[in-house]
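Reading through the structure tokens given below for one structure.
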Protein chains: 2
Amino acid sequence: MVQIPKQQPAQPSAALEAVSAGPVAPAGPARGAVPTSADVARLAGVSRATVSYVLNNTSAVRISEPTRRRVREAAKELGYVPHAAARSLRAGHTRIVLMPTPEVPVGPLYSGFLNELQWALSRLDYTVVQYGSVGLGGEDAARAWAELRPVAVLAPVAMGPDGIGILKRSGAKVVITLGPDPVAGTHALIMDHREVGRAAGAHLLARGHRRVGVVMPREEGLDMFALPRLAGVQESGAQVVRLPLAYEEDDAARAAAHLRELGLDAVFAYNDEYAMLLMRALQDAGADIPGEVAVIGADDLMLGRLLRPRLSTVRIDLPSGEELAGLVDRLVRDPAAAPEVRDVLVASTVPREST
Amino acid sequence: MVQIPKQQPAQPSAALEAVSAGPVAPAGPARGAVPTSADVARLAGVSRATVSYVLNNTSAVRISEPTRRRVREAAKELGYVPHAAARSLRAGHTRIVLMPTPEVPVGPLYSGFLNELQWALSRLDYTVVQYGSVGLGGEDAARAWAELRPVAVLAPVAMGPDGIGILKRSGAKVVITLGPDPVAGTHALIMDHREVGRAAGAHLLARGHRRVGVVMPREEGLDMFALPRLAGVQESGAQVVRLPLAYEEDDAARAAAHLRELGLDAVFAYNDEYAMLLMRALQDAGADIPGEVAVIGADDLMLGRLLRPRLSTVRIDLPSGEELAGLVDRLVRDPAAAPEVRDVLVASTVPREST
DNA sequence: TTGAAAGCGTTACCAA
DNA sequence: TTGGTAACGCTTTCAA
């Protein structure tokens, strides 16, 4: 209460400008400074409130046409752009949807899915933020994400109940987990890749193959999908041998030789790309496909249809990005809705010539 | 001045809490409300300033160990997470790097590149925001982006000088365009896909092929790359025929027939995937490759090595994501640096068996 | 129809 | 060593 009580609480920035820009009172924004709505107001000769009304087309208030024009012209002249952070600070919420990025390139199918989802969300006027958790554990990652106060989070499987609690408590209206298992207290899109393995295993068994090799990519980060796919094959009742395979020709040749030594009569190759790699190595070594060994991939990529023999595969249907974005939007509007658990991964075999 | 004038200007939220949560003054945050640093301060019995000092490890100030502990415990108990928007509002800047997403799936090479870049930026502690411009024209898009006050923008080619002006004026320290041509006033990473076409054309000419078909994907959005690649082939001096091709087997069969009718002796197939598609159609129609018609792709994907004949291709080297992220970081620290124009796309032919 | 002012959650200056 | 307070840019209620 000693000095400068509350003399001119309204125009502090104007004071700063006077210092840095030169002359006195009604100056424009300082050179190099970003114009604010106050600058627009000053230039248009109105109050900040009026500027806000005009630029947001607030319908509850009637502003005269001349005033509107003056404000708009001032805004344009200054190149004024509203400040999203300030706006959402005031509003108390954001339109941010957080999508933690998978750490690893994760195949054309899934990344296409994420991409589509992203676009669909943008179209619904959400701001999609990709956040790398970068070496943070579950809870630390959740805290980092929570700083952005996202209205919704689409979390990969790693997220546990604690992380979810942190996000919810920070104001996230919706947390949706994508993964093999539901997490208590939130919506879940179950994407159980065991189904993929099961489909492949059942198909191979039906064709009379018992001893099945399952390709396990050596590439980091693919375990997330590879392990459940393996488990699925095992559940189908086939006799399973793991075949580690790096995405390189040399390693494929080695794996092909190994596979023949083991006397396996079929291979589930993780996906179509690894299948193509391994199939080529087998053919180069003189193996007959599917006579000596049957090969099945997954993801139903175009390339499978182009191989000879044509590659059998497991087709994976994921919901469209638009559909999912719609779900997110619906849940944001009605956050009280009971946790929804949806099985969204549908696997079906596409028999072709390689099995 | 009728009710509740300005009695307790300091604790408005506390007042709200009193209403919704029950008892009087020093309550915790209202149930369901997001805890703020003020809540932490209250619980720890210190001021907000002290909370800030403790949680940010401000070195300029010495806080007693017991106080630190009290603050930290209070924060943990409440599940306090700082509010990024408030922080950056106060700070006057963000660590947001805006990366407008391409509207279309754009091939494994480029999307891998973007993905890598994104991770590298996260690792440098930037927040990467993917923004879909969704039908906004250049300037409107720029304005939408500017609302986030990004410290840096990595813009696709579309951005013109006006858009750049808007971003710069809104406080973006760095704008980098990715595209075929530099834009005045900013840094540019020149990715000139004509080089790809030139390399392919030169290679085919050197092998004695004159009449070259150039595959033009019918898929939307790929023109961005396809047109310059076409132009590059034309510049190489070959006689060029455009071959529109959708990424489907049927259309490939049609295109293959058409190509043979035209008597072309070589094809540059846009990329390896289209090359594989077309090559298969040609082979199925009984064409000898490279005897009757030579085929060259681009991007040097693994699949090219697995085809028979092995696919010749144009290898594209882009800088690593880490390198680029480093560049962004350097420019952010030194925004005054003269605009840098770097040619980052290096194309080299990888001759194999298909030419 | 317009304006004044409060307040969103932070941090940083200055005083105690 | 700690606390009070102003200020970041915006929206919105209340008054005029």
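Naming: A, B, ... by sequence-line order, numbering from 1 per chain.
Five base pairs at each end of the helix from C:dT1-D:dA16 to C:dA16-D:dT1 define two local axes, and these are offset by 50° (rounded to 10°).
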Could you go through residues 159-171 of chain A and list every donor-acceptor pair under 3.5 Å that involves a side-chain atom there, pairing it with any protein atom two or more places apart or in another chain?
from	atom 1	to	atom 2	distance (Å)
A:Lys168	NZ	A:Gly185	O	3.1
A:Ser170	OG	A:Leu167	O	2.9

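With rounding to the nearest 0.5 Å, the separation of CE in B:Met99 from CD1 in B:Ile176 is 10.5 Å. Note that the CG atom of B:Leu98 and the OH atom of B:Tyr126 stand 14.0 Å from one another [nearest 0.5 Å]. The structure places CG of B:Leu121 at 8.0 Å from CG of B:Leu324, a figure rounded to the nearest 0.5 Å. Taking CG of B:Leu89 as the reference point, atom CZ of A:Arg87 lies at 13.0 Å (rounded to 0.5 Å). To the nearest 0.5 angstrom, B:Arg72 atom CZ is 16.0 Å from B:Glu77 atom CD.
Between A:Arg42 atom CZ and C:dA4 atom C1' there is a gap of 16 Å when expressed in whole angstrom units. One can place CZ of A:Arg149 at 11 Å from C1' of C:dT10, the figure rounded to the nearest angstrom. For A:His83 and C:dG9, the NE2 to C1' distance is 13 Å, given to the nearest whole Å. Atoms CD (A:Glu65) and P (C:dT2) sit 11 Å apart, rounded to a whole Å. In this entry the distance linking NE2 of A:His93 with C1' of D:dC10 reads 13 Å, nearest Å. Atom CD of B:Glu147 is separated from atom P of D:dC10 by 10 Å (rounded to the nearest Å).
Among the nucleotides D:dG9, C:dT10, C:dG3, the one closest to the side chain of B:Thr36 is C:dT10. Picking from D:dA6, D:dC10, D:dG3 the nucleotide with the shortest atom distance to the side chain of B:Val46 gives D:dG3.
Contact of B:Arg87 with C:dT11 (side chain to base): no donor-acceptor pair of N or O atoms is detected under 3.5 Å. Checked by distance alone, B:Arg90 brings a side-chain donor or acceptor within 3.5 Å of a matching partner on the base of C:dT11.
The existence of a salt bridge linking A:Asp334 and A:Arg330 is excluded, since no basic side-chain nitrogen approaches an acidic carboxylate oxygen closer than 4.0 Å.
A heavy atom lying under 4.0 Å from DNA chain C marks the following residues of residues 51-62 of chain A, by number: A:Tyr53, A:Val61, A:Arg62.
In terms of position along DNA chain C, the nucleotide closest to A:Arg70 lies nearer the 5' end than the nucleotide closest to the other residue of the pair A:Arg70 and B:Pro82. Nearer the 5' end of DNA chain D, as judged by each residue's closest nucleotide, is the contact made by B:Gly45, out of B:Leu89 and B:Gly45.
Contact annotation: A:Ser64 side-chain N/O to C:dT2 OP1/OP2 distance is under 4.0 Å. Between A:Thr67 and C:dT2 there is a side-chain N or O to OP1 or OP2 distance below 4.0 Å. A sub-4.0 Å separation between OP1 or OP2 of D:dG3 and a side-chain N or O of B:Thr50 is present.
Residues A:Val332 and A:Val151 approach most closely at CG1-CG2, 3.8 Å, considering heavy atoms. Of all heavy-atom pairs spanning B:Tyr80 and B:Thr36, the tightest one is CE1-C, 3.5 Å.
At the heavy-atom level, B:Val81 lies under 4.0 Å from the strands shown only through sugar-phosphate atoms.
A:Glu322 CD: 12 or fewer foreign heavy atoms inside a 6.0 Å radius.
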